[in-house]
Amino acid sequence: MSMTEQQWNEEQQRVNNVVGLMEQQIGQLEGEVGEVRGEVVDIRAHFWDDVTVNMGTAEDAAETLSNLKQQVEMLSERERTHRLAYSALKKLNRMVKSPYFGRIDFKETGTQQTEKIYLGIASFMDEKDDTFLVYDWRAPVSSLYYDYPPGPSAYETPGGSIEGEMLLKRQYVIREGDIRLMFDTGVTIGDELLQQVLSRSSDAQMKSIVATIQKEQNQIIRNDRSRMLIVQGAAGSGKTSSALQRVAYLLYKNRETLQADQMLLFSPNPMFNSYVSTVLPELGEENMLQTTFQQYLESRIGRDFQLEDPFIQIEYVLSAPEDVEYAARNSGIRYKSSVDYLMVMDAYKTWLEQQGMNFISIRFKGREVVSSRRIKERFYSFDSSIRLANRVVLLRDWLLKEISAFEKLERSMPWVEEEIELLDVDDYRRAYKEQQRIQKDKGTTFDDFDVEKSYLARMVVHERLKPLRRRVKQLRFVNVRALYRQLFDKEGLLASLSGEAGVPEYWPEISRQTIQRLEQSELAYEDVTPYLYLLELVQGFQTNTSIRHVIIDEAQDYSPFQLHFLKRLFPRCRMTALGDVNQGIYAHASSLGEHDPIARLYGAEQTELIRLMRSYRSTREIVEFTRGMVPGGEDIVPFNRSGEKPKVIVASGLELLHDRMKADLQALIADQYESIAVICKTANESAEVYEAMREHLPLRLITKQTPSFEKGVLIIPSYLAKGVEFDAVIIYNGSRERYSRENERKLFYTACTRAMHLLYIYSLGQPSPFITSQADNTYLCTNG
């Protein structure tokens, strides 16, 4: 028997033993889960049978409360036991078919003993002798597997660094308890396993592949030093998967102090939330909170305005270059997203502390309770050293007192007596009970007509003034809309606030466009965050201190203004920002742009930047074609997985283009490509293509409202394809007419880099210069 065969048999025998022990524990846990679940159901069903409620005396009441507390504690303990047993059962059910994926033999310096360490998605112990049969991939010792080849190595523990020598590194692919692939490797992670993983079809959800984490990705996952960790990575470099595995690692390491609901992911769109929803559960952790920045904005001011979203904005930028207002709108987008505009807002707050505040009169039944003039006079009568938001709070308290004084006078008004006569029986009954309680010690009764009338008047007026008081408590007497408009309406104001930065080009047109939207209760996307920031400056910031970690995916699409706002919103949190400057497709300046404003959020000492330049998603041929489209693309390193060169198909007419695309899509479906994207430039173009092709092929049109990512043939706008990947990608019309402006370069690059295995680009007429500027040997060009 050869050594290789002997090794294989020994390793398979170990897998069999571990799987056998896991199956034993699964059987025990299934019995325990069922038994405890039955106890929980029984306790809930008979909860009150075992509690005698007797409140006759103080001793009886104390005994009742004691019995109740015991019953609650018993139920809570059984529920906790059930929860832990069920969680352990789920973990073992995930592991039993593939208990581990790696092994390292490590000999610590100063010892003679070599420890065999097997790595899996979770730890597993032999309960008889308390030894680890499998180590969690997040355990400190597991970092050896990701960071070192065989030879001298070390790992960090809470007690310090452990040094030694790695004698062996072995990788496995185990399916249904059988070893399908096993090999020793002299590098960090063997190419063989990566080749197998990357050559498969894409999935409807992102998968967690902890067996193939690379060294540079492991640095991201285990980084717990930096307040701000910036991951600048090429398309397909594993930014998002590394970040999600980082979440799993942080939850594992800080399991006593950190919960999943204290971590928040800002994703690019709702469909992306579905795409990544299975990663953390696969790793045995609960999903963290997920939202989009637009959803947060809607929750804050969506009831006051119709908010434009980033997709409507980019549709305009991509579709309307001939619009007479296009240049002014673009100038406004860039300016309102900048740090310069943020500084103007801060200066505006200081200016408002001295002059220019605008308030809404407090009115009741068409009459003025407190005029806007009186409110303004009162506001500026406060000590000028008091901060703006604090003065607004003082103003609120004063207004509530004014409303109380008004309330007393209002009780004698004729309308009050009219409403008293209209009260129903329930109103009288409720008033009678309340008055009995109040008058109990006063020697008067509700039978006294004057007392009755007085009380009912108080009740009626107080009830009618509740909405007014509520608005005042919500600080809605501050006319924030007028304050924001004042920046654009008051001549010379912005220039005086902006100082040396000056006003942007087309400022009169920008002002007119902004005022026009405000009058229609609309806010352009570039105005939403500044408006909310001004609201916070005036009313006080609504910070969230419960969130401990924020992950921002596609960070290059956030403006510097937005990132500063998020920093103030989550003052206690750490941030992980993932992005690729070459995929910054929006009109505003990117936070990962030339001056890296994201790096200045927390300062150099608290910020760390990790660059991922190896692309794993696409074949070597696709990477070599696409990297020439963007600045610095020569630094992108393709993974050594070969495939077909990208194809450029030039069609002389729309009908020919559609015929060729139908034929190619049918061939791709027949070849069992499970995930195929037809990427169009805009949503309008996507809808047109869908209508033209839907009768011939099974298609799904993706819009910004699409809730989940599914396999099949998808028609999708370019900007919604960000962050996801497909087996095959067809660029619908990559012609010079559609993609030639410099601000479309990154959009085209982003669309092309969604492809894992095949990339077809159709062109109605002459191809885009982003294609023809590439080396001829990087693609194949044919006529349709």
Side-chain angles (χ1 to χ4, degrees), residues 235 314-323 326 582-583 585 587 618 621-622 624-630 633 644-665 667-668 676-693 696-697 699 701-702 713-722 726 728-755 758-784:
I314 196 171
E315 277 285 324
Y316 175 82
V317 171
L318 295 175
S319 305
E322 307 303 322
D323 185 7
Y326 187 81
N582 288 321
Q583 295 184 64
I585 64 174
S618 306
E621 287 78 7
I622 293 174
E624 288 177 345
F625 169 68
T626 56
R627 67 182 178 180
M629 297 178 185
V630 290
E644 297 181 14
K645 289 183 179 181
K647 294 179 181 178
V648 178
I649 301 101
V650 180
S652 57
L654 191 61
E655 187 174 344
L656 288 173
L657 188 152
H658 284 178
D659 288 343
R660 176 61 187 269
M661 191 162 75
K662 289 174 197 172
D664 284 341
L665 283 171
L668 290 172
I676 305 166
V678 178
I679 300 182
C680 302
K681 185 177 179 182
T682 64
N684 287 337
E685 187 175 69
S686 297
E688 290 170 2
V689 173
Y690 177 74
E691 289 301 322
M693 309 285 287
H696 309 282
L697 292 160
L699 304 175
L701 178 63
I702 302 298
V713 182
L714 309 181
I715 311 293
I716 185 170
S718 53
Y719 50 82
L720 287 181
K722 288 167 66 66
F726 307 91
V729 165
I730 290 176
I731 306 297
Y732 172 69
N733 183 6
S735 65
R736 171 178 287 275
E737 182 184 356
R738 298 297 284 160
Y739 296 96
S740 60
R741 294 182 297 163
E742 189 58 30
N743 66 354
E744 294 164 340
R745 176 184 295 277
K746 293 178 179 179
L747 185 73
F748 190 72
Y749 168 79
T750 300
C752 291
T753 54
R754 302 305 95 197
L758 290 177
L759 174 62
Y760 295 169
I761 305 173
Y762 296 94
S763 177
L764 192 59
Q766 189 176 359
S768 163
F770 307 141
I771 298 172
T772 56
S773 62
Q774 307 313 309
D776 292 341
N777 63 354
T778 61
Y779 65 97
L780 301 173
C781 187
T782 62
N783 291 320

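Here the structure is a predicted model, which means the values were calculated and not measured. Numbers here simply count residues along the sequence, with the first being 1.
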Please report the shortest heavy-atom distance between L668 and L758, naming the atom on each side. CD2-CD1, 3.4 Å
Can the ring centres of F770 and Y739 be said to be less than 6.0 Å apart? no
Of all heavy-atom pairs between L318 and R741, which one has the smallest distance, and what is that distance? O-NH2, 3.8 Å
What are the two closest non-hydrogen atoms of I771 and Y779, and how far apart are they? O-CE2, 3.7 Å
List the atom of K645, the atom of L780, and the distance in Å for their closest heavy-atom pair. CB-CG, 4.2 Å
Keeping K722 on the side-chain end and I585 on the backbone end, is there a donor-acceptor pair under 3.5 Å? no
Is there a side-chain contact between H658 and M693, using heavy atoms and a 4.5 Å cut-off? yes
Main chain of H696, side chain of K662: is a donor-acceptor contact present, judged purely on distance under 3.5 Å? no
Nearest 0.5 Å, please: how far is CZ in R627 from SG in C752? 15.0 Å
Across all chains, not counting sequence neighbours, the salt bridge (charged side-chain N to carboxylate O under 4.0 Å, His left out) partners of E691 are R694
Given side-chain contact (heavy atoms from CB on, under 4.5 Å), test Y719 with T750 step by step and report yes or no. CA-CA 8 Å; Y719 50 82; T750 300; over 6 Å; no
Do you know which of I702, V689, V729 makes side chain to side chain contact (heavy atoms under 4.5 Å, CB included) with I679? V729
Measure from the side-chain N and O atoms of T682 to the backbone N and O of E315, and report whether any donor-acceptor pair falls under 3.5 Å. no
Candidate list S686, P717, S718, test side chain to side chain contact (heavy atoms under 4.5 Å, CB included), partner C680, passing option: S686
Side-chain heavy-atom pair L747, K681 within 4.5 angstrom cut-off: yes
Between atom OG1 of T626 and atom CG of L759, what is the distance when rounded to the nearest 0.5 Å? 8.0 Å
Nearest-0.5 Å distance, CD1 of residue I676 to CD1 of residue I715: 10.0 Å
Atom OG of S763 and atom CZ of R736: how far apart are they, to the nearest 0.5 Å? 10.0 Å
Under the criterion side chain to side chain contact (heavy atoms under 4.5 Å, CB included), which of N733, D664, V678 is the partner of Y762? D664
Nearest-0.5 Å distance, CD of residue E688 to CG of residue L654: 9.0 Å
Do F748 and I761 pass the side-chain contact (heavy atoms from CB on, under 4.5 Å) test, and can you show the C-alpha distance, the side-chain angles, and the key distance before you say yes or no? CA-CA 11 Å; F748 190 72; I761 305 173; 4.1 Å; yes
S652 and L656 have their tightest heavy-atom pair at OG-CD1, 3.2 Å
Among residues at least two apart in sequence or on other chains, which ones pass ring pair (Phe, Tyr, Trp, His ring centres under 6.0 Å) with Y749? none
Taking side chain as C-beta onward, heavy atoms only, is Y760 less than 4.5 Å from V648? no
Please report the closest heavy-atom contact between S618 and T753, naming both atoms and the distance. OG-O, 4.0 Å
Is there a side-chain contact (heavy atoms from CB on, under 4.5 Å) between M629 and Q774? Walk through the geometry before answering. CA-CA 7 Å; M629 297 178 185; Q774 307 313 309; 3.7 Å; yes
Worked check of side-chain contact (heavy atoms from CB on, under 4.5 Å) between M661 and Y732: CA-CA 8 Å; M661 191 162 75; Y732 172 69; 3.8 Å; yes
